[in-house]
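Have a look at the structure below before the remarks.
So that the names make sense, note that chain A is the first sequence line, chain B the second, and so on, each numbered from 1.
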There are 2 protein chains.
Amino acid sequence: MLSKKTKYGLKALIYLARRYDQGPILIADLAQEENIPKKFLEAILLALKNNGILQSKKGKGGGYYLARSPKLITFGQAIRIMEGPLAPVPCVSETSYAKCTECGSEETCGIRIVMKDVREAMAKILDGTTLADVLEEIDKAEETQKGVLNFCI
Amino acid sequence: MLSKKTKYGLKALIYLARRYDQGPILIADLAQEENIPKKFLEAILLALKNNGILQSKKGKGGGYYLARSPKLITFGQAIRIMEGPLAPVPCVSETSYAKCTECGSEETCGIRIVMKDVREAMAKILDGTTLADVLEEIDKAEETQKGVLNFCI
DNA sequence: TATTTAGCCTATGGATTTAATAGACTATTA
DNA sequence: TAATAGTCTATTAAATCCATAGGCTAAATA
């Protein structure tokens with residue numbers, strides 16, 4: 001299960017993506033709009049900034065904004081920063097491999113064999129989905145919803 | 001990341017699957033062979049029993065054994081018992097759905113749209129992989145390893 | 001029936017992580 | 001220089017994870 005931290009972070013990224021090239025967005029506004037505790041959000045945005053996903057501007061007229069186009073930011077990148085590696089076990093992680101403590105031979109570990117496939121499947125989706133993709137999907141879903149509503153009326 | 005609890009449990013299941021129809025296995029033996037704290041393992045096996053994956057026999061000659069053929073026990077079943085639902089967010093869980101707190105409209109939530117795909121991909125693998133499958137894969141991997149060793153010598 | 005075996009139950013504890021809040025500090029802009 | 005808004009350090013409550021201890025209960029065997 002994703003932590004609240006990660007959910008908040010993803011919500012914030014989607015929010016900022018929707019307002020890309022509208023200048024810096026205030027933490028306070030973002031927090032209020034998305035119902036995120038402001039101080040908690042501060043820490044999350046800072047982490048995203050320190051990892052190159054976001055940029056910020058201080059002082060009046062300041063705020064946060066995407067460091068690059070929504071087309072170039074993936075869910076995978078963001079989730080790894082906030083939640084850690086995608087891999088269910090460290091021994092199959094591509095981005096932060098570690099030997100499983102007390103796991104004898106890695107090549108013949110049943111758990112590892114299965115989790116390798118799981119990691120790959122997750123990575124394929126999350127590293128292949130950009131913020132721009134998500135915005136598009138949201139728009140599509142909203143159109144469909146409108147259709148459903150009209151149909152109901 | 002999988003918790004130690006889950007890893008221990010999966011190890012135990014694979015161990016028991018390998019010895020299916022060899023009668024009950026002692027917790028103590030299992031714990032020692034697989035390097036799992038005995039008391040912790042007790043709790044894990046009990047949970048698996050209470051969820052229909054294992055059966056046990058008390059008294060002398062007792063122990064734990066699979067409740068049914070390794071072909072009929074999947075990783076998905078076991079992981080859900082020990083780790084909880086596969087779904088990254090409760091609102092896409094098939095086995096234990098719950099509305100995300102403070103998530104306005106479910107149909108147009110960007111996070112949900114992506115995580116739905118992730119859940120499906122994970123479930124496809126984990127619900128499609130039985131203990132018998134894993135034993136087979138382990139054997140295959142061990143054969144390959146032998147080949148590598150001989151080649152090296 | 002008595003005894004031993006081995007799983008079952010309750011509870012405790014430390015360590016770590018998660019979620020949230022408070023307050024002082026610093027850079028920037030007008 | 002005064003106001004703004006991000007940055008940093010601490011603290012805390014709650015939850016979860018990992019592990020251990022000790023007594024209880026069911027079952028097999030002598």
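Between the side chain of D133(A) and the backbone N or O of T130(A), at least one donor-acceptor pair lies under 3.5 Å. A donor-acceptor pair under 3.5 Å is absent between the side-chain atoms of R19(A) and the main chain of Y65(A), judged by distance alone. In this structure, R68(A) contributes its side chain and G52(A) its backbone to a donor-acceptor pair below 3.5 Å. Looking only at distances, a side-chain donor or acceptor of Y20(B) sits under 3.5 Å from a matching main-chain atom of S69(B).
Side-chain atoms of K99(B) and P90(B), non-hydrogen and from C-beta on, never get closer than 4.5 Å to each other. T144(A) has its side chain out of reach of E107(B): every pair of non-hydrogen atoms, C-beta onward, lies at least 4.5 Å apart. Looking at heavy atoms from C-beta onward, L13(A) lies in side-chain contact with L54(A) at the 4.5 angstrom threshold.
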- prompt: For every nucleotide of nucleotides 17-30 of chain C, 5' to 3': is a protein heavy atom under 4.0 Å from its base (B), only from its sugar-phosphate (S), or from neither (-)?
  reply: --SSBBB---SBS-
Could you give the side-chain donor-acceptor pairs of residues 28-42 of chain A under 3.5 Å, partners two or more places apart or in another chain?
none

Check: residues 108-115 of chain A side-chain donor-acceptor pairs under 3.5 Å, at least two apart:
| residue | atom | partner | partner atom | Å |
| --- | --- | --- | --- | --- |
| T108(A) | OG1 | S105(A) | OG | 2.3 |
| R112(A) | NE | C91(A) | O | 3.3 |
| R112(A) | NH2 | C91(A) | O | 3.4 |

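For the P atoms, the distance from dT10(C) to dC18(D) is 22 Å, rounded to whole Å.
Across L16(B) and Y64(B), no two heavy atoms sit closer than the pair CD2-O, 3.7 Å. Contact detail for T74(A) and L126(A): the closest heavy-atom pair is CB-O, 3.7 Å. Residues L2(A) and E83(A) share a closest heavy-atom pair of CA-OE2, 3.9 Å.
Contacts of residues 16-28 of chain A with DNA chain C (heavy atom under 4.0 Å): none.
Taking a heavy-atom distance under 4.0 Å as the criterion, the stretch of DNA chain D touched by chain B extends 5' to 3' from dC18(D) to dA28(D).
Remark: P of dA11(C) and CG of L46(B) are 15 Å apart, rounded to the nearest angstrom.
Ion pairing between a basic and an acidic side chain is recognised when a charged N comes within 4.0 Å of a carboxylate O; D127(A) and R80(A) show such pairing.
Over its length, the helix from dT1(C)-dA30(D) to dT12(C)-dA19(D) turns its helix axis by 10°, as judged from the five terminal pairs at each end, rounded to 10°.
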